[in-house]
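Because only heavy atoms are used, hydrogens play no part in the values below, and waters and symmetry mates are left out as well, while side chains stay in.
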Amino acid sequence: MALPLMPKATAVWLVENTSLSFEQIAAFCGMHELEVQAIADGEVATGIVGQDPVASGQLAQAEIERCQKDEKSRLRLSVSDIPLPQPRSKGARYTPVSKRHDRPDAIAWLLKHHPELTDAQIQKLLGTTKPTISAVRDRTHWNATNIKPRNPVTLGLCNEADLEKEIALAPRRVLTPEEEAARAAMQYAEPEPEPEPELPPREDTVPSFLSDAARFRASRGNRQD
């Protein structure tokens with residue numbers, strides 16, 4: 001059952017300005033009858049200013065008069081002709097400014113490893129746009145030469161649960177020849193670890209100070225002989 005706006009303030013006004021029973025007021029405001037009685041006794045809601053439901057268009061005066069004549073009747077909330085605000089859609093995922101430069105790498109990774117994902121799913125995961133996805137796929141992105149496929153989970157652009165969910169929901173479809181050709185044309189390479197520098201071969205040479213000491217001892221021995 002729909003309740004009036006500010007039900008407790010509405011109950012205060014109805015207690016003070018009508019002869020409706022506590023049961024009728026409680027049923028209209030979604031409260032317990034004893035709570036309405038406490039309001040009438042001044043035990044609760046002492047600092048609440050009453051809200052007139054007639055002035056706000058939530059209740060007709062004729063409805064109050066009808067229920068005052070019959071205690072078994074219940075108040076009916078007036079139907080407003082004012083359109084209710086529509087809930088906003090969530091829209092695209094927000095990506096922090098510090099991570100936006102990583103989105104092309106994440107797009108390239110998804111296109112390479114999960115071609116079954118649709119552009120709409122990639123947009124939802126990464127908070128990107130369809131032109132950006134197309135530019136990465138066709139290698140027409142302004143920074144195409146520096147794009148390297150990187151996992152969006154490790155980049156912090158989405159979490160593992162969301163990625164697995166979208167993969168599970170992806171349509172199981174056969175790629176068209178054009179999509180296969182576009183995928184084959186992608187020359188993005190996975191970043192490889194840099195090879196460790198080779199150390200020069202070690203030469204087992206005797207330090208100069210040791211060789212000088214050996215020659216000195218040898219010369220002393222020759223003189224003693």
What's the separation between atom [atom1] in [X] and atom [atom2] in [Y], rounded to the nearest 0.5 Å?
X      : Y      : atom1 : atom2 : answer
Glu65  : Gln61  : CD    : CD    : 5.0 Å
Asn17  : Asp52  : CG    : CG    : 7.0 Å
Arg139 : Ser134 : CZ    : OG    : 15.0 Å
Gln68  : Leu75  : CD    : CG    : 9.0 Å
Gln37  : Ser21  : CD    : OG    : 11.5 Å
Lys130 : Thr118 : NZ    : OG1   : 9.0 Å

Are any of the side-chain heavy atoms of [X] and [Y] separated by less than 4.5 Å?
X      : Y      : value
Phe22  : Leu34  : no
Arg76  : Arg66  : yes
Leu111 : Ile122 : yes
Leu5   : Gln51  : no
Ile107 : Ile147 : no
Pro152 : Leu126 : yes
Cys158 : Val153 : yes
His114 : Trp109 : yes

Can you name the closest pair of heavy atoms from [X] and [Y] and give their distance?
X      : Y      : result
Asp102 : Leu155 : O-CD1, 3.8 Å
Pro53  : Leu14  : CG-CD2, 4.3 Å
Asp162 : Asn159 : N-OD1, 2.7 Å
Gln58  : Pro4   : OE1-CA, 3.2 Å
Ala60  : Ser78  : N-OG, 3.5 Å

Open item on the list: Tell me whether the count of non-hydrogen atoms from other residues, nucleotides or ligands lying under 6.0 Å of CD in Glu71 goes above 12.
Closed with: no
Is [X] reaching over with its side chain to a backbone N or O of [Y], donor-acceptor style, under 3.5 angstrom?
X      : Y      : answer
Arg103 : Leu157 : no
Gln24  : Ser73  : yes
Gln121 : Glu166 : yes

Open item on the list: For residues Met6 and Val12: do they belong to one hydrophobic cluster (side chain heavy atoms under 4.5 Å, members Ile, Leu, Val, Met, Phe, Trp, Tyr)?
Closed with: no
Task: Check ion pair Glu23-Arg74 (N to O, under 4.0 angstrom) - done: yes
Open item on the list: As a quick check of understanding, evaluate side chain to side chain contact (heavy atoms under 4.5 Å, CB included) for Arg137 and Asp119, giving each step before the final call.
Closed with: CA-CA 11 Å; Arg137 180 185 290 113; Asp119 289 357; 2.8 Å; yes
Task: Worked check of side chain to side chain contact (heavy atoms under 4.5 Å, CB included) between Trp13 and Val49 - done: CA-CA 8 Å; Trp13 188 91; Val49 179; over 6 Å; no
Task: Candidates Thr10, Ile39, Leu3 - the one meeting side-chain contact (heavy atoms from CB on, under 4.5 Å) with Met31 - done: Ile39
